[in-house]
Amino acid sequence: MGRKQIFRLCILITAGLTGFGCAKSSDETAAASSGKNLYFATGQCNSGTGITTLSSTLSSRMIAKVNLSSKVQSVVFDLAAEYQGGFFAPETGAQAIVDNGTSLLLLTENAINMGDRKIFSVPKSNPFNTVIYASDSNALTQTAAHITRSMVKEIDGSLLFSKSIAIEKIGSNVLRIPSGANPYINAPGTNGANICNTSITFMSNIAVLPPFTSTTNAGKIIFSHQGGTAGSNRLGIINKDGYTATTDCYAGKSVPSIVLANDTGVSGLVSMDTTGPSPTSMVYIPDTVTPTQGKLIVGYSSSVAANLNNGTGFNYGIVMYDVTDATATTATIQASGTGTVLYNTFSNVFGISAMTYDSTNKHLYVATASQQGVANQTTAAYGYKVEKFALDLTATTVPKLTLIRDNNKPFMDRSSFTRCITSMAIGD
């Protein structure tokens, strides 16, 4: 950590923060560096169209980590501090992170100085040596509508990232892979009952399925989209080779077509609110026995600022969908039956902005707005909190998703370091 990072960190702690330390004992240092960590990024986050969130400028603008065992917290990379490449513009936020072993891949966003939209490689042991990983201007477009959103890594080392209106692919050689003259996924259409169209304004999240066979090096692509109407809030699955024709839309469900049912032990309204809740985050969990099947876990938040609870319909909560990778050229999202509401206790899942899954311990970590029922989280610069859940996908007589808290406290409480969590990842 550079001197400017330490200086900024210590000033914030002096102002009354807890959890992050300017200096640690040898025992604390050992605890912080051992085992797995929850890494999180802060920038221009998204916790629902109706929940005003923080711009990159007002955010914490950093990558930090929390040790899963000790809960010791520390800053990894402060975008306000100097690094070997110089300084980031003050409007640049940390938009998405991917664990890359000894480093983190960081997707940045800057809606003002758009040249700062890049992908960086941040060494975990020496973040001062951060370097540009990819900067193709055709992919990282310097246009207002192309706000960077989400990023995932394919099994072959390539990257997929969404930029509101489209999804781009960067190969393992860090060069852009287009689909003809367009981004890898651009303005997908509708294929019969599979509705992927009207997905060109807010591609909020992406995930990838495992390769369908051992001879392929990429999986089909799941996307979520947020929109101004109920029908444009949707989930879809696209051909692993990108989108060139409507037949590349393998599955598509809009909010009005989604039917819900409560999981065992969960109660509350199961009808999606008529305004259409927004899918703000998601994780995909493949079946360990049958990789062609899996569960898509989606976090929803209201798309209307006036809907600050679940009183008129389902607005806030976590829903599970069955995904079947049926053939090399087909896939389904909840082909039969209904999506399952895993959790909807409003106070703990209000304004979900990011989720990540710890497959080793079967824990789901969920970042949420911390001031329950407040549409404008920006005015007071509220930090976001992180809740920890145990996820048992085989449970039938008890809830599959169970909140874990010590002393009735979130896994990580809000602070000046958590304005506002855009992305999370599990890593060493």
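Just so you know, residue 1 is the first one in the sequence shown, and it goes up from there. What you see is a predicted model, and the numbers here were worked out from it, not measured in a lab.
- Across Lys409 and Arg405, no two heavy atoms sit closer than the pair O-CG, 3.2 Å.
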Item to check | Test log, rule side chain to side chain donor-acceptor pair (under 3.5 Å), inputs Asp263 and Thr340 | outcome: CA-CA 6 Å; Asp263 188 27; Thr340 303; 6.0 Å; no
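- Checked for salt-bridge contact, Asp322 and Lys295 meet the test: a charged N lies under 4.0 Å from a carboxylate O.
- Side chain to side chain, Asp116 and Thr108 fail the donor-acceptor criterion of an N or O pair below 3.5 Å.
- The shortest distance between side-chain heavy atoms of Leu106 and Ile119 does not fall below 4.5 Å.
- Val283 places a side-chain heavy atom less than 4.5 Å from the side chain of Ile297.
- When every heavy atom of Leu391 is checked against every heavy atom of Ile285, the shortest pair comes out as CD2-CD1, 3.5 Å.
- Of all heavy-atom pairs spanning Pro286 and Pro291, the tightest one is CB-O, 4.5 Å.
- Here the two rings, on Phe411 and Tyr365, have centers that are under 6.0 Å apart.
- The ring of Phe120 has its center no closer than 6.0 angstrom to the ring center of Tyr133.
- Judged purely by distance below 3.5 Å, without hydrogens or angles, the side chains of Asn239 and Lys220 never pair a donor atom with an acceptor atom.
- To the nearest 0.5 Å, the span separating CZ on Phe417 from CZ on Arg61 amounts to 14.0 Å.
- Of the possible polar contacts, none joining the Glu154 side chain to the Ser158 backbone as a donor-acceptor pair under 3.5 Å is found.
- In this structure, Phe88 has its ring center under 6.0 Å from that of Tyr83.
- Atom CD1 of Ile155 has 12 or fewer heavy atoms from other residues, nucleotides or ligands within 6.0 Å.
- Side-chain atoms of Asn262 come within 3.5 Å of backbone N or O of Gly268 as a donor-acceptor pair.
- If you check the side chains of Ser281 and Asn205, you find no donor sitting under 3.5 Å from an acceptor.
- Between Tyr39 and Ile426, every side-chain heavy-atom pair lies at or beyond the 4.5 Å cut-off.
- By the 6.0 Å and 45° rule, Arg149 stacks over the aromatic ring of Phe202.
- Here the closest heavy-atom approach between residue Asn110 and residue Ile112 is recorded as OD1-N, 2.8 Å.
- Taken to the nearest 0.5 Å, the CG atom of Leu364 stands 8.0 Å off from the OG1 atom of Thr356.
- Every residue meeting the ring pair (Phe, Tyr, Trp, His ring centres under 6.0 Å) condition with Phe389, not counting sequence neighbours, appears here in chain and number order: Tyr343.
- Side-chain contact check for Ser47 and Ser301: no donor-acceptor pair (N or O, by modelled atom type) lies under 3.5 Å.
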Checklist entry - Under the side-chain contact (heavy atoms from CB on, under 4.5 Å) criterion, do Leu235 and Ile222 qualify, and how do the steps go? => result CA-CA 7 Å; Leu235 306 170; Ile222 307 177; 5.6 Å; no
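- Rounded to the nearest 0.5 Å, atoms CG (Leu209) and CG (Asp325) are 5.0 Å apart.
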Item to check | Pair Asp358-Asn361, side chain to side chain donor-acceptor pair (under 3.5 Å): steps then yes or no | outcome: CA-CA 6 Å; Asp358 175 7; Asn361 298 302; 2.8 Å; yes
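- Using a distance-only test at 3.5 Å, with no hydrogens or angles considered, no donor-acceptor pair links the side chain of Asp248 to the main chain of Ile238.
- Under the 3.5 Å distance criterion, with hydrogens and angles disregarded, a donor-acceptor pair is assigned to the side chains of Thr201 and His225.
- Side chain of Tyr284 to main chain of Gly294: a donor-acceptor pair is present (N/O by atom type, distance under 3.5 Å, no hydrogens or angles).
- Between Asp99 and Lys36 no salt bridge is recorded (no basic side-chain N to carboxylate O distance below 4.0 Å).
- Under the side-chain contact (heavy atoms from CB on, under 4.5 Å) test applied with Ser224, the options Met203, Met282, Arg234 reduce to a single match, Met282.
- By the 4.5 Å heavy-atom criterion applied to side chains, Val323 and Gln293 are not counted as neighbours.
- Side-chain atoms of Ser172 do not come within 3.5 Å of backbone N or O of Gly157 as any donor-acceptor pair.
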Next on the checklist: As a quick check of understanding, evaluate side chain to side chain donor-acceptor pair (under 3.5 Å) for Ser162 and Ser150, giving each step before the final call.
Outcome noted: CA-CA 5 Å; Ser162 61; Ser150 173; 4.7 Å; no
Item to check | side-chain contact (heavy atoms from CB on, under 4.5 Å) between Ser103 and Val122, worked out | outcome: CA-CA 5 Å; Ser103 65; Val122 182; 5.8 Å; no
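- Within the model, atoms CG of Leu159 and CZ of Arg176 stand 14.5 Å from one another, a figure rounded to the nearest 0.5 Å.
- Of all the heavy atoms in Ser347 and Gln372, the pair that sits closest is CB-OE1, 3.1 Å.
- Put simply, the side chain of Ser423 never gets that close to the backbone of Gln95: no donor and acceptor are under 3.5 Å apart.
- Between Glu91 and Asn113, the side chains place a donor N or O and an acceptor N or O closer than 3.5 Å (distance only, hydrogens not considered).
- Looking at Lys163, its side chain does come within 3.5 Å of a backbone N or O of Ala139 through a donor-acceptor pair.
- Within the 4.5 Å cutoff, no side-chain heavy atoms of Ile185 are placed close to those of Phe223.
- The main-chain N or O of Gln226 is never found under 3.5 Å from a side-chain atom of Ser278 such that the two would form a donor-acceptor pair.
- In this structure, Lys400 does not pair ionically with Asp392, as no charged nitrogen and carboxylate oxygen lie closer than 4.0 Å.
- A 4.5 Å side-chain heavy-atom check between Ile318 and Val349 finds at least one atom pair inside the cut-off.
- You'll find the side chain of Thr92 stays beyond 4.5 Å of the side chain of Glu109, heavy atoms only.
- At distances below 3.5 Å, not a single donor-acceptor pair connects side-chain atoms of Ser302 with backbone N or O atoms of Pro277.
- The minimum heavy-atom distance between Ile421 and Val386, with the atom names listed, is CD1-CG2, 3.7 Å.
- Looking at Gln371 and Arg414, their side chains do bring a donor and an acceptor atom within 3.5 Å of each other.
- A donor-acceptor contact shorter than 3.5 Å links the side chain of Asn233 to the backbone of Thr229.
- Rounding to the nearest 0.5 Å gives a distance of 9.5 Å between OG1 of Thr280 and OH of Tyr300.
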Item to check | From CA spacing to verdict: side-chain contact (heavy atoms from CB on, under 4.5 Å), Thr422, Asn46 | outcome: CA-CA 7 Å; Thr422 53; Asn46 163 45; over 6 Å; no
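- Here the CG-CD distance, from Leu38 to Gln73, works out to 9.5 Å after rounding to the nearest 0.5 Å.
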Next on the checklist: Tyr384 vs Thr368, test: side-chain contact (heavy atoms from CB on, under 4.5 Å). Steps then yes/no.
Outcome noted: CA-CA 6 Å; Tyr384 277 43; Thr368 77; 5.5 Å; no
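- Two residues are said to be in side-chain contact when any heavy atoms from C-beta on lie closer than 4.5 Å; Ile97 and Leu105 fail this criterion.
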